[in-house]
Amino acid sequence: MRATDLTLAEGLKALEKREISAVELTDAFLSGIERLNPRLNAYITVTAEQARASAAASDARRAKGEAGPLEGIPLGIKDLFCTEGVRTTAASKILGEFTPPYESTVSANLKRDGAVFLGKLNLDEFAMGSSNTTSAFGPVENPWSRANDPTKRLVPGGSSGGSAAAVAARLAMGATATDTGGSIRQPAAFCGIAGIKPTYGRCSRWGIVAFASSLDQAGPVARSVEDCAILLRSMSGHDPKDSTSANLPVPDFAAACGRSVKGLRIGVPAEYTLPGLAPEIEALWQQGLDWLKQQGAEIVPISLPHTKYALPTYYVVAPAEASSNLARYDGVRYGLRVTERDSDLRDLYERTRAAGFGAEVKRRIMIGTYVLSAGYYDAYYLKAQKVRALIARDFTEAWAKVDAIVTPATPSSAFAMDEKQDDPVTMYLNDVFTVTANLAGLPGLAVPAGLDGQGLPLGLQVIGRPFDEETVFAVGAALERAADFTAKPQVMA
Ligand SMILES: NC(=O)C[C@H](N)C(=O)O
């Protein structure tokens with residue numbers, strides 16, 4: 001087997017048994033990146049030299065018997081996480097050559113545990129999008145695109161499209177990602193890999209470029225549910241630098257992947273059967289429920305009555321918070337500055353923001369400013385906050401009846417790069433199954449579960465109680481075992 005084809009768990013074993021060194025493993029990934037990144041555009045920045053040096057340091061630690069839990073594992077980092085001394089772009093022109101003097105808590109945790117960073121991964125600009133086509137560094141191609149049909153390039157999903165494409169194409173063993181409304185789970189599903197958005201507060205947001213602070217949450221994408229569990233354990237933990245970080249112990253998530261689902265009650269929300277849902281997706285959902293039933297789980301129909309308001313609520317709350325968070329890009333403190341000889345301060349702001357932000361980011365800033373403005377605040381923002389509370393309450397009531405909820409991850413498989421681009425609302429519909437977990441702060445896991453008629457991956461989603469990622473992992477691993485998803489993308493290292 002090629003080294004790049006190992007799962008993260010297999011890679012750890014191979015490193016432990018000295019069947020491969022961290023330097024060899026890192027070189028294997030770097031040569032894949034060199035060959036395939038020009039086509040896929042998954043990485044914005046490749047830090048080959050630093051990666052080789054940190055792999056050598058990792059081998060030295062292992063030789064001294066000081067191996068950490070992720071010792072020598074090559075990972076990619078979404079370019080929304082600040083990385084000390086490495087340019088961080090958020091896929092926006094407005095950050096210019098911004099090179100953070102500090103490391104995000106999540107990436108620092110991964111480094112502490114021995115991981116090797118290969119580089120920074122592409123995304124939708126400021127994580128706003130579902131197709132990775134809004135990046136100022138160009139779109140990412142889904143590695144499931146037909147190699148022999150360059151006219152039909154597929155999107156990898158978004159916003160963590162670079163993370164998902166890199167992992168699927170074997171250009172990283174795992175990657176960090178973030179999810180505000182579906183940005184981990186939708187690209188994971190589109191690329192045939194696993195990804196979890198943990199409970200809000202599980203991972204520190206410190207050092208992650210902010211989009212919508214009450215919804216943003218970091219999490220891993222990887223080839224298997226167990227790999228996600230291993231990564232999440234390292235990424236998680238209390239951080240006094242993030243006031244919303246939870247001060248709770250971090251369980252052994254990988255151990256939970258081996259738990260039986262016997263006796264678990266699995267909820268099936270009636271409201272997730274959307275009119276016009278593709279029959280293939282409905283069939284896969286039913287298949288997933290049958291798999292869990294065969295393993296001893298009980299299937300329980302439930303109702304989450306406010307589901308239909310989730311998407312409009314998200315697209316009020318998220319832009320509102322974004323307009324406030326993005327006010328800091330003023331051309332004064334850091335990043336891009338566009339000014340004329342006779343510019344005053346206002347002119348500097350306007351020129352910088354006009355040149356620095358892309359169309360989708362501008363759209364969100366305008367929506368957000370509108371819903372927060374005097375006169376409209378009560379009608380939009382305040383109302384959305386109230387509806388958000390009702391959506392969260394639906395789930396609280398459901399947890400009295402069920403232990404986890406299973407739904408499709410996305411309403412379709414990966415679409416072509418030129419589709420849905422001129423209609424933002426059609427693009428927003430991608431998030432229909434995922435935004436509820438963000439609004440309610442719940443953990444959500446996407447598991448690759450099958451292929452559609454075109455041979456493209458489809459995923460199922462497992463939603464769990466707050467801070468009960470262990471049950472989510474147990475159910476996800478049970479689905480994964482039954483699905484036995486072994487299909488591979490067309491473009492792969
Ligand atoms: N950031 C996310 O979670 C992606 C979501 N599709 C959005 O555009 O807001």
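All ligand and atom numbering here is 1-based and tracks the order in the structure. Residues take their numbers from the sequence shown, with the count starting at 1.
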Check this for me - ligand 1, [X], N or O atoms closer than 3.5 angstrom, yes or no?
{"X": "Gly129", "answer": "yes"}
{"X": "Gly182", "answer": "yes"}
{"X": "Ser183", "answer": "yes"}

Inset, instruction - Going by the side-chain hydrogen bond (donor to acceptor under 3.5 Å, both in side chains) test, name the single residue among Thr410, Asn430, Asp431, Thr434 that passes it with Gln186. - result: Asn430
Legend entry - Lys241 versus Ser204, side-chain donor and acceptor atoms under 3.5 Å: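 There is no such pair (donor and acceptor under 3.5 Å, judged by atom type) between the side chains of Ser204 and Lys241.
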Just which atoms of ligand 1 are under 4.0 Å from any heavy atom in [X]?
{"X": "Arg364", "value": "7 (C), 8 (O), 9 (O)"}
{"X": "Ser130", "value": "6 (N)"}
{"X": "Tyr315", "value": "5 (C), 6 (N), 7 (C), 8 (O), 9 (O)"}
{"X": "Ala127", "value": "1 (N), 2 (C), 4 (C)"}
{"X": "Gly181", "value": "2 (C), 3 (O)"}
{"X": "Phe211", "value": "1 (N), 9 (O)"}
{"X": "Met128", "value": "8 (O)"}

Inset, instruction - Would you check if the distance from the ring center of Phe211 to the ring center of Phe126 is below 6.0 Å? - result: no
Inset, instruction - Can you see which heavy atom on Asp216 is nearest to which on Thr180, and at what distance? - result: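 Shortest heavy-atom contact: OD1-OG1, 2.8 Å.
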Legend entry - Val225 to Cys257 - nearest heavy-atom pair and separation: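 It is CG1-SG, 4.1 Å.
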Inset, instruction - Taking atom NZ of Lys93 as the centre, report whether more than 12 heavy atoms of other residues, nucleotides or ligands fall under 6.0 Å from it. - result: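 Not more than 12 within 6.0 Å, no.
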Inset, instruction - Could you establish whether Tyr314 and ligand 1 come within less than 4.0 Å of each other, counting only heavy atoms on the residue side? - result: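 For ligand 1, residue contact (heavy atoms, under 4.0 Å) with Tyr314 is present.
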Legend entry - Test item, Ala318 contacting ligand 1 (heavy atom, 4.0 angstrom):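 The answer is no, since Ala318 has no heavy atom less than 4.0 Å from ligand 1.
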Legend entry - Side chain, backbone, both or neither: the part of Phe126 lying under 4.0 Å from ligand 1 by heavy atom: neither
Legend entry - Side-chain donor or acceptor of Gln217 paired with backbone N/O of Cys203 under 3.5 Å: yes
Legend entry - Pi-cation contact, Phe415 with Lys420 (under 6.0 Å, within 45°):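 Yes, a cation-pi geometry.
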Inset, instruction - Describe, in one word, how the ring planes of Tyr102 and Trp206 are oriented to each other, choosing from parallel (under 30°), tilted (30 to 60°) and perpendicular (over 60°). - result: tilted
Inset, instruction - For atom 5 (C) of ligand 1, grab the closest protein heavy atom and report residue, atom and distance to one decimal in Å. - result: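 Protein heavy atom with the smallest distance to atom 5 (C) of ligand 1: Asp431 OD2, 3.3 Å.
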